[in-house]
Novice: 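Pasting in a structure now, in structure tokens, and then I'll have a few things to ask.
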Amino acid sequence: MGHGGKKSAQITWSEVEADAAGECACAHVDAIWRLRQVFEPELVEKGMEELFRDEEMPLVTTLAHMELHGLAVDTGTLHEMAAVMATDIANLEEDVYKSVGHEFNIGSPQQLSQILFEEIGLPKTRRLKTGAFATDKDSLDALRGVHPIVDLIFEYRELAKLKSTYLDPLPSLVNARTGRIHTEYNQAGAATGRLSSHNPNVQNIPVRGEAGARVRRAFVGRDNGPDPQLLSADYSQIELRIMAHITGDPGLVSAFENDEDIHAATASEVFGVPIDEVSPEMRRRAKVFNFGVLYGLSEYGLSVKEKIPREDAATFIRTYFEKYPGIQEYVSETVSSVRMNGYVQTLFGRRRYIPEIHSGNFNVRNAAERAAINMPVQGTAADIIKIAMNGLDERLTSNGMRSWMILQVHDELIFECPGEELEDVRKLCLDIMPASLEMKVPLKIDTKVGRNWGEMQYGEAVDLAAYG
DNA sequence: ACCCCGTGC
DNA sequence: GAAATGCACGGGGTT
């Protein structure tokens, strides 16, 4: 919904004369009808009319319901947090200036580079296009412990980011009439078929870290009372399950069929130990492999990220593909297919054209290959949740329920429910969400409930009676 | 308008 | 031999 643009200096419909508005609306309808004459045959020819008719068109209504209903935020909490954070940030700035000997703009990457690497003389990082040295997280991570200013920068950045991106803008996005936040979803914003969200972007609200979790707690149920009113249902490991389904790789499929911890199972395979002897470090590393393969991670990228010799990274990747040969096959077949056809597609026929695959530029071409490898997986996940959203919206409406689907965060749906409907909505989710696609592996749904988005407890474990 | 950086999945 | 993990949005600095 919405026009999806970032910003526009337009007047609103309420300021337009009724006659002029009618004229304009008719012109739109006429234009859309003529566009249909052009695009409908193309959809048919490409085998995408079902995707369009049964998935995307119903989603227009579903998203409209979500946007119009909106969600409640506790603006009091946001304002308090912003005030506390302002003094924390001021104190950190003072500490930084004292450490350097003078004031400067910590938020300016150029000035910060000058201070850290020229004035203080810290070991230089990679050079940016601008000539300055990189001050991003990974670069500064290597300098922790070298000088006390590094930790101060990290603390400053964390708080400044949260305040400027979330705490300060959110209260002003509360609609005066509804008292709620009404994000706009862009249905055709992402090249893979994912949704995007803006005004505000509800798909990148912090979740990690103590300060970040506090921001999430400001997203509350309608009454903002002690009783849980929010229900979250998310697809567990949906992209790796799709990878298992597409590739049919026996190791991956059997891990999911047996409901194993997938990263532990991968660690067990790659490191050659029984699954109950997998150490936390081995599991963490296997998780990097599993996510890396979805994005086309290279041996160089792995060696940098894991701080291991390139040869070791190469060995890991080779072993990984030996254990999951179906994945290796998928990667090479996808790349040759995109070269041949010029596009890749999801299991529902959604296409992404990638002309850069023929680029003469090595970098551009490699990036195109990685995008091609990722799209069918990420895009099929997007199709699956979109179809589920339509089913859920339809059922919530036809059942006459008072619960609302209010948020989508790629693999997660959030509902605002009267307490007595929580259990019914959970059952609807468990019923509908896995049903979008018949797969070689189960689609698993985890559910949580809570009084706000930051304090959610896993479904089965929660005794709803305890909440009265 | 672009760059850098950081948040989410 | 290059560059080196996919998809978004937003704040703030700089030009």
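All chains are named by letter (A, B, ...) in the order of the sequence lines, taking the proteins before the strands, and each is independently numbered beginning at 1.
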Novice: For the aromatic rings, using the six-membered ring if either is Trp, is the centroid distance between A:H263 and A:F291 under 6.0 Å?
Specialist: yes
Novice: Please report, rounded to the nearest Å, how far the P atom of C:dA8 is from the CD atom of A:E239.
Specialist: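 To the nearest whole Å, that distance equals 13 Å.
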Novice: Atom CG of A:L407 and atom P of C:dA8: how far apart are they, to the nearest Å?
Specialist: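 That distance rounds to 20 Å.
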Novice: Quick one, give me the B/S/- string for nucleotides 2-9 of chain B, reading 5' to 3', where B means a protein heavy atom under 4.0 Å from the base and S means that only happens at the primed atoms, P, OP1 or OP2.
Specialist: -SSSBBBB
Novice: If the condition is side-chain contact (heavy atoms from CB on, under 4.5 Å), which residues does A:V84 pass it with, not counting sequence neighbours?
Specialist: A:D88
Novice: Between A:S298 and C:dT5, is there a side-chain N or O to OP1/OP2 distance below 4.0 Å?
Specialist: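 Affirmative; the distance criterion is met.
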Novice: Is A:R216 salt-bridged to A:E455, going by a charged N under 4.0 Å from an acidic O?
Specialist: no
Novice: Which listed nucleotide (C:dA4, C:dG11, C:dT14) is nearest to the side chain of A:Q110?
Specialist: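 Among C:dA4, C:dG11, C:dT14, the one nearest the side chain of A:Q110 is C:dT14.
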Novice: Can you tell me the distance, in whole Å, between the CD1 atom of A:I308 and the P atom of C:dA4?
Specialist: 19 Å
Novice: Among C:dT14, C:dA4, C:dC7, which nucleotide has an atom closest to any side-chain atom of A:R352?
Specialist: C:dC7
Novice: Under 4.0 Å, heavy atoms only, any strand: does A:E299 hit a base, just the sugar-phosphate, or nothing?
Specialist: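 A:E299: no heavy atom of the nucleic acid under 4.0 Å.
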Novice: Between C:dT5 and A:R370, is there an OP1 or OP2 to side-chain N/O distance shorter than 4.0 Å?
Specialist: no
Novice: Of the nucleotides C:dT5, C:dA4, C:dC9, which one has an atom closest to the side chain of A:K305?
Specialist: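 Looking only at side-chain atoms, A:K305 lies closest to C:dT5.
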Novice: Does a donor on one side chain sit under 3.5 Å from an acceptor on the other, for A:R365 and A:S359?
Specialist: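 A:S359 and A:R365 do not have a side-chain donor-acceptor pair below 3.5 Å.
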Novice: For A:N186 and C:dG10, give me the distance from atom CG to atom C1', rounded to whole Å.
Specialist: 15 Å
Novice: With sequence neighbours left out, what residues match A:S337 under side-chain contact (heavy atoms from CB on, under 4.5 Å)?
Specialist: A:N341
Novice: Base, sugar-phosphate or nothing for A:N105? Non-hydrogen atoms, less than 4.0 Å.
Specialist: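 Sugar-phosphate contact only - A:N105 comes under 4.0 Å of backbone atoms but never of a base.
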Novice: Check every strand shown and say whether A:A191 touches a base, only sugar-phosphate, or nothing at a heavy-atom separation below 4.0 Å.
Specialist: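 A:A191: backbone/sugar contact only, no base atoms under 4.0 Å.
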Novice: Which whole-number value in Å describes the distance from A:N363 CG to C:dA4 C1'?
Specialist: 9 Å
Novice: Specify the separation, in whole Å, of atom CD1 of A:I373 and atom P of C:dC7.
Specialist: 11 Å
Novice: Measuring only the P atom in each nucleotide, how far is B:dC4 from C:dA4? A whole number of Å is fine.
Specialist: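 My reading of the P atoms in B:dC4 and C:dA4 gives 13 Å.
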Novice: Classify A:R365 by what it touches in the nucleic acid, base, sugar-phosphate, or nothing, heavy-atom distance under 4.0 Å.
Specialist: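 No contact.
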Novice: Could you state the CG-P distance from A:L240 to C:dG6, rounded to the nearest angstrom?
Specialist: 17 Å
Novice: Grab the CD-C1' distance between A:Q114 and C:dT14 for me, whole Å please.
Specialist: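 Spelled out: CD on A:Q114 to C1' on C:dT14 is 16 Å.
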Novice: Might you confirm whether atom NE2 of A:H79 has over 12 heavy atoms from other residues, nucleotides or ligands at distances under 6.0 Å?
Specialist: no
Novice: Quick one: on DNA chain C, does A:A367 or A:F362 contact a more 5' nucleotide (nearest heavy atom)?
Specialist: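 That would be A:F362.
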Novice: Less than 4.5 Å apart, side chain to side chain, heavy atoms only: is that true for A:I373 and A:Y330?
Specialist: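 Yes. Closest side-chain heavy atoms under 4.5 Å.
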Novice: Using atom C1' in both nucleotides, what's the gap between B:dG8 and C:dT5 to the nearest angstrom?
Specialist: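 It comes out at 16 Å once rounded to the nearest Å.
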Novice: Whether A:K163 and A:E158 form a salt bridge (side-chain N of Lys/Arg under 4.0 Å from carboxylate O of Asp/Glu) is what I want to check.
Specialist: no
Novice: Can you check whether A:T192 has a side-chain N or O nearer than 4.0 Å to OP1 or OP2 of C:dC7?
Specialist: no
